[in-house]
Protein chains: 2
Amino acid sequence: MNVRRFPTTAEISREAGVNKSTVSRALKADPRISEATRKRILEIAESMGYAPNAIAQSLATNNSNIVAFVGSETQNYWYQENIQTLARQVTQAGRQLMLFQVMRGGTIDDVIPQMIQYRVAGCIVIPAVEMTDTAAERLRQFGISMVLLNRPGEAFGASSVRQDQAEGGRGVAHFLVAGGHRRIAFIAGNMNPAAQDRERGFLAGLKEIGVEPFAIDRGEFTFRGAYAAATRLLQAEVRPDAIFAANDMMAYATIEAARAAGLTVPDDLSVVGYDNGRVGAWPGFRLTTVAQPIERMFGDALGLILDRQDKPDLPPDRVGIAAGLLIRDSARVPEDLGALPIDCRRDGPFG
Amino acid sequence: MNVRRFPTTAEISREAGVNKSTVSRALKADPRISEATRKRILEIAESMGYAPNAIAQSLATNNSNIVAFVGSETQNYWYQENIQTLARQVTQAGRQLMLFQVMRGGTIDDVIPQMIQYRVAGCIVIPAVEMTDTAAERLRQFGISMVLLNRPGEAFGASSVRQDQAEGGRGVAHFLVAGGHRRIAFIAGNMNPAAQDRERGFLAGLKEIGVEPFAIDRGEFTFRGAYAAATRLLQAEVRPDAIFAANDMMAYATIEAARAAGLTVPDDLSVVGYDNGRVGAWPGFRLTTVAQPIERMFGDALGLILDRQDKPDLPPDRVGIAAGLLIRDSARVPEDLGALPIDCRRDGPFG
DNA sequence: CTGAAAGCGCTAACAT
DNA sequence: ATGTTAGCGCTTTCAG
């Protein structure tokens with residue numbers, strides 16, 4: 001309860017009868033310190049309950065070791081499901097994760113001041129947050145590297161880790177047509193660049209094969225929006241025999257809407273999503289979906305940032321990731337998967 | 001690309017022909033600075049693209065303005081669904097959110113060093129992370145306040161924000177019995193204190209009314225575990241007419257298991273969950289569940305921490321929150337809700 | 001109303 | 001192998 005100050009390197013040095021800098025070196029395993037003194041210093045530090053002050057270290061080294069994650073106020077589970085993966089990786093890299101959140105209708109500019117204030121080492125930005133040139137410029141000015149997820153970084157001079165979302169969409173088009181569907185509807189997302197790419201790729205894919213999209217509706221990337229869209233689609237005079245939803249959240253809604261309409265998936269309706277969210281693995285959904293190797297993508301993103309700490313002139317880099325289709329039971333499966341322009345993998349039954 | 005240093009107060013002061021400290025004061029609206037100079041300094045700062053260095057501020061004030069959120073590697077959506085709420089509130093309070101994650105099988109001790117290193121102002125700890133006395137002691141030593149969520153803080157000398165989970169469980173027992181169920185099964189969670197409280201309260205509630213629990217199985221707070229448990233329960237010779245799952249994730253699994261077994265909810269089986277997760281609002285689930293006022297709870301937790309910045313001897317405080325039942329369609333509803341020992345609220349139909 | 005100076009806890013040349 | 005010395009960028013007495 002006594003408000004005693006935290007032990008500092010100075011106190012340790014006094015106690016050990018050495019200089020502050022010796023302590024500093026001993027603490028960080030500098031090879032020049034003799035084993036004997038290091039051991040002694042470590043013991044003293046330990047006994048005093050010493051804990052290094054990362055704030056002071058950051059100031060002295062001009063290097064914060066904080067990684068920023070810039071998310072948005074989305075309802076989408078993607079961000080939420082995967083933040084834990086990032087947290088783990090950041091921890092394992094000996095860094096800290098700081099969360100920044102852009103409110104609905106805002107842009108990344110809203111959080112730029114805070115990111116700069118804390119001199120974060122770099123930031124990882126999800127597709128749902130709107131980028132701006134001024135923000136990119138400002139970050140560059142302060143030597144903060146950016147990694148954009150699932151969207152091109154070129155326009156902002158940023159790095160990117162990107163599964164080609166258009167390829168994913170295209171793959172789904174081929175998959176659905178090969179599966180024998182001819183009335184293929186699409187439930188689009190919002191203006192988020194990843195959503196746009198998925199749509200573009202999907203439509204391009206259909207065009208390649210000479211199949212007209214049966215219908216296009218908007219679901220705004222929300223459960224509710226997609227539920228309404230799917231319901232409209234399924235209540236029409238002629239209904240689609242397949243629906244591709246631009247993300248899993250909307251695919252869940254589509255499956256529920258189908259069920260509510262008394263339809264059986266995939267017999268009456270095939271549904272394909274995008275994201276490989278966790279709910280899709282539940283037995284009631286068994287969603288066929290485009291999967292992204294999250295673990296690897298975050299790992300790469302983190303790597304790009306760490307590489308650029310202290311190396312302000314390392315140019316941005318881009319890593320591309322192949323799209324892959326995870327096949328479960330929500331869509332009829334074509335005979336010859338090998339002929340598709342997308343990598344396919346089957347997910348065994350639940351349990 | 002030029003690695004020019006960030007503008008500092010010193011540079012501004014030079015430019016403005018005043019002293020560093022004047023700049024410092026002007027920047028933080030110190031009343032003693034004349035409007036004229038303040039205005040001039042602000043303009044210069046602006047024109048130089050100045051951004052305060054929070055790291056340096058923290059060092060100088062011995063105060064980091066960082067709030068730590070300590071989560072675990074759980075599959076539970078609770079943490080994930082609600083982290084956004086916290087992020088928003090922390091931002092609005094002008095603080096930053098740093099994420100700490102305890103790996104499966106670990107305790108809070110694993111992240112204590114990092115929290116201390118960054119001299120976080122305080123930490124918010126979810127029930128899923130295991131607390132230890134040494135951790136509590138260490139945080140106290142460094143003046144870092146703790147707020148435990150949904151678990152008593154007394155044992156650790158910590159503050160807490162707590163919906164009485166036992167009351168919630170008890171309320172469910174009364175609700176189910178009043179709804180006419182007599183074969184009431186329970187799917188328990190894990191050792192997490194909130195889960196334990198729910199179980200304890202639920203069993204106590206049944207006892208009060210003189211109803212024996214029909215069966216108790218364990219779902220480990222996971223979808224998969226609960227799905228297996230529910231399936232066992234529903235395939236028995238005599239099956240329960242109601243199942244209370246210790247959290248929503250397990251309730252979702254229960255509903256899916258019931259559906260897979262060809263049962264109709266709530267006609268053949270009533271299901272009640274705990275947490276008010278988002279999936280429960282979907283039309284396919286419409287889960288009756290114990291709700292927690294997340295917004296308020298995080299707000300209170302944050303408040304407890306902010307109150308204790310700079311006031312190391314303000315004793316821990318506890319805020320209690322009443323349990324409330326959110327009634328949807330997954331469980332038969334008793335006639336007289338007013339007679340129940342828990343606040344009930346109906347959630348309108350989806351859409 | 002503003003300036004001077006010390007200091008927050010640590011690092012990193014530069015000495016020795 | 002260790003000590004000296006100067007910062008890192010900001011805040012905060014204490015003066016004036």
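Here is how names work: the chains are called A, B, and so on, in the same order as the sequence lines, proteins then strands, and each is numbered from 1.
- Salt-bridge annotation for Glu43(A) and Arg40(A): absent, with no side-chain N of the basic residue lying under 4.0 Å from a carboxylate O of the acidic one.
- A salt bridge links Arg140(A) with Glu137(A): the closest approach of a Lys/Arg side-chain nitrogen to an acidic carboxylate oxygen falls below 4.0 angstrom.
- Within the 4.0 angstrom heavy-atom criterion, only backbone atoms of the sugar-phosphate kind lie near Lys28(B); the bases stay farther away.
- When the C1' atoms of four end pairs are superposed on the next four at each end of the helix from dC1(C)-dG16(D) to dT16(C)-dA1(D), using five pairs per end, the two resulting axes differ in direction by 30°, to 10°.
- Among the atoms of the strands shown, only primed sugar atoms or phosphate atoms (P, OP1, OP2) are found under 4.0 Å from some heavy atom of Thr61(A).
- Residue Gln57(B) places at least one side-chain N or O closer than 4.0 Å to OP1 or OP2 of dT11(D).
- Judged by distance alone, the side chains of Gln57(B) and Asn65(B) never bring a donor and an acceptor atom under 3.5 Å apart.
- As judged by a 4.0 angstrom heavy-atom cut-off over every strand, Val18(A) is placed among residues touching the sugar-phosphate backbone only.
- At dT2(D), one or more side-chain N or O atoms of Ser34(A) fall inside 4.0 Å of OP1 or OP2 (strictly under the cut-off).
- Taking every heavy atom of residues 112-121 of chain A and every atom of DNA chain D, no pair lies under 4.0 Å.
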Table of protein N/O atoms under 3.5 Å from nucleotides 13-16 of chain C N/O atoms:
unit_1	atom_1	unit_2	atom_2	d
dA13(C)	N6	Arg25(A)	NH2	2.7

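- Residue Ile33(A) is the one, among Ile33(A) and Leu27(B), whose nearest nucleotide of DNA chain D lies closer to the 5' end (criterion: closest heavy atom).
- Look at NZ on Lys39(B): it is 15 Å from P on dT2(C), rounded to the nearest Å.
- The distance from atom CG of Leu148(A) to atom CE of Met131(A), rounded to the nearest 0.5 Å, is 5.0 Å.
- For dG9(D), neither phosphate oxygen OP1 nor OP2 lies less than 4.0 angstrom from any side-chain nitrogen or oxygen of Thr9(B).
- Ser34(B) meets the side-chain hydrogen bond (donor to acceptor under 3.5 Å, both in side chains) test with Thr37(B); sequence neighbours excluded.
- The nucleotide whose nearest atom lies closest to any side-chain atom of Leu59(A) is, among dC10(D), dG9(C), dG3(D), dG9(C).
- To the nearest 0.5 angstrom, Arg95(B) atom CZ is 10.5 Å from Ile305(B) atom CD1.
- Taking only side-chain nitrogens and oxygens, Asn19(B) comes nearer than 4.0 Å to OP1 or OP2 of dA4(C).
- Using a 4.0 Å heavy-atom distance criterion, Thr37(A) is classed as a sugar-phosphate-only contact.
- Remark: Thr8(A) pairs with no residue by the side-chain hydrogen bond (donor to acceptor under 3.5 Å, both in side chains) rule, at least two apart or across chains.
- Scored by the ring-ring contact (aromatic ring centres under 6.0 Å, His included) test, Phe142(B) finds Phe6(A) as partners (sequence neighbours excluded).
- For the pair Glu11(B) and Arg14(B), the salt-bridge criterion is not met [side-chain N within less than 4.0 Å of a carboxylate O].
- When side chains are defined from C-beta on, Tyr50(B) counts as touching Thr9(B), because their heavy atoms get closer than 4.5 Å.
- Using a 4.0 Å cut-off, some side-chain N or O of Thr22(A) falls inside it from OP1 or OP2 of dG3(D).
- Between Leu99(B) and Phe69(A) the shortest side-chain heavy-atom distance does not fall below 4.5 Å.
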